[in-house]
Amino acid sequence: MANKNFFIKTYGCQMNVNDSEKMAGILIREGYISVEDEKNADIVIVNTCSVREKAKEKLFSFLGKLNAIKKKREMKIVVTGCVSQLLKDEIRKRAPYVDIILGTNSYFKIKEAIQKQNYSDFQFYKQWIEIPFEPILRRNNFSAYVSIMEGCDSFCTYCVVPFSRGREKFRPSSSILKEIRFLEEQGFKEVQLLGQNVDSYRDPETGMDLASLLEKVAKTSSIPWIRFLTSHPVKFSIRIAEVMARYNQVLNSIHLPFQAGSNKILKLMNRGYTIEQYLKIIKKIKEIVPSIAISTDIIVGFPGETDEDFERTVEVLKEVEFENMFSFKYSPRPGTKAYYFEDDVPDKVKTERLIYLQNLQKDIQLKNNLKKIGKILRALTETVNKKNSDETVGRIESGRIVNIKGGKVGEFYDVLIEDAGPHNLKGSIWEGGFE
Ligand code: SF4
């Protein structure tokens, strides 16, 4: 193919975003040119997500659009990510015009895939495959994703990740630290250590765990903000909270999904803990880091969830007062164990439960955010406000969004919080001193 313009469309989580950044880096190093949309691309790579049914259907609708373009001019379509790993036959059947289907562990073979005819690779690698991090095309020049592990061994009964991403593979800490050193030299201000289950982390060379890795990053780098995502209550070590308390760079923010408040449902989900154990962890974290911001994930309407079970979820929400909540209606995913459970909660009830939780969480967030008015909080700005170009939009340590009068993108500001809603704060840059 003479022309080398490519566009990557990414669905799903931060891990997918990071894989797309890596693929873009590999292609740019080979002389390919990244373009802003599919209309100007000779090669379109679709990096897919299959965690929810909706994401899959969005993919097929996007592929339909690409086919309409492809009928008019030459275009190579590559599908990679979780849907391609799990549903290659469905893609072949429903979208026969797709040129290449590539599995989740093979994203680093994107150049070979594009250059060869009928290339496919769906194998899972048992060990971490290190690719050069220098060319990665980051989404900006101040906040970077750094992968530390991939895959999951937890096998929650509703989740496709162990099948779409394979078993856990850990990246040597020596490579992680090298990448962070490189980012530091480039002037990055924030790194987010990524993995499906970061608390499982074990350095394959030294056996170092996540708490020690965080400590090492904090001690050896001058990156001001360090985050990590996603945690699991069973694997979570309380030493992580101790590291947060000891090092300012390790932000006091954690995403710890509890999914359901009923022990019966947690067991059916194969989450591996009781709600009492979960609450005990939260209590300990709050004792060690009183200012901790905890966010969570919840699934409503899991098979067998009664009103009573749902009430337990509501109680947990009220008790913990999470900083943020990501809630979803259960939908059966083919290939998982729960797919064979009777999906017996009517969709109407799932919707009612979801709305109830979201309204409750909105009230909790508003109450917590109002307490921030009058405080001066550090924020890292990420964009210019699309609705008001005189404002920048940043995040404070907890991850809460703050709209700031003035400022430049990619900078730290101390912000005087002047107003608050349930989802964001408003403030202006504080230029006075601290008493
Ligand atoms: S811990 Fe459970 S929900 Fe999270 S990725 Fe693994 S299997 Fe999926």
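As the structure is a prediction and not an experimental result, all values here were calculated from the model. As the structure lists them, so they are numbered: ligands from 1, and atoms in each ligand from 1.
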Are any N, O or S atoms from C159 nearer to atom 8 (Fe) of ligand 1 than 2.8 Å? yes
Please determine whether any non-hydrogen atom of Q259 lies less than 4.0 Å from an atom of ligand 1. no
Do K56's NZ or CZ and the ring of F60 fall within the cation-pi criteria of under 6.0 Å and 45°? no
Just heavy atoms, cut-off under 4.0 Å: does F155 contact ligand 1 by side chain, backbone, both, or neither? backbone
Which residue and non-hydrogen atom of the protein lie closest to atom 7 (S) of ligand 1, and at what distance in Å? C156 N, 3.4 Å
Residue P162 vicinity, atoms of ligand 1 by number, heavy atom under 4.0 Å: 7 (S)
Can you pull out the closest protein heavy atom to atom 3 (S) of ligand 1? Residue, atom name and distance to 0.1 Å, please. Y158 OH, 3.5 Å
State, with a plain yes or no, whether a side-chain heavy atom of I110 is found less than 4.5 Å away from one of T80. no
Looking only at side-chain N and O atoms, does N270 offer a donor or acceptor that is under 3.5 Å from a partner on T157? no
SB check K286 E323 (cutoff 4.0 Å): no
Any N, O or S atom of C152 closer than 2.8 Å to atom 6 (Fe) of ligand 1: yes
Which ligand 1 atoms, with their elements, are less than 4.0 angstrom from a heavy-atom of H232? 1 (S)
Decide, yes or no, whether a salt bridge links R246 with E215 under the criterion of side-chain N to carboxylate O below 4.0 Å. yes
T392 versus E411: any side-chain heavy-atom pair under 4.5 Å? no
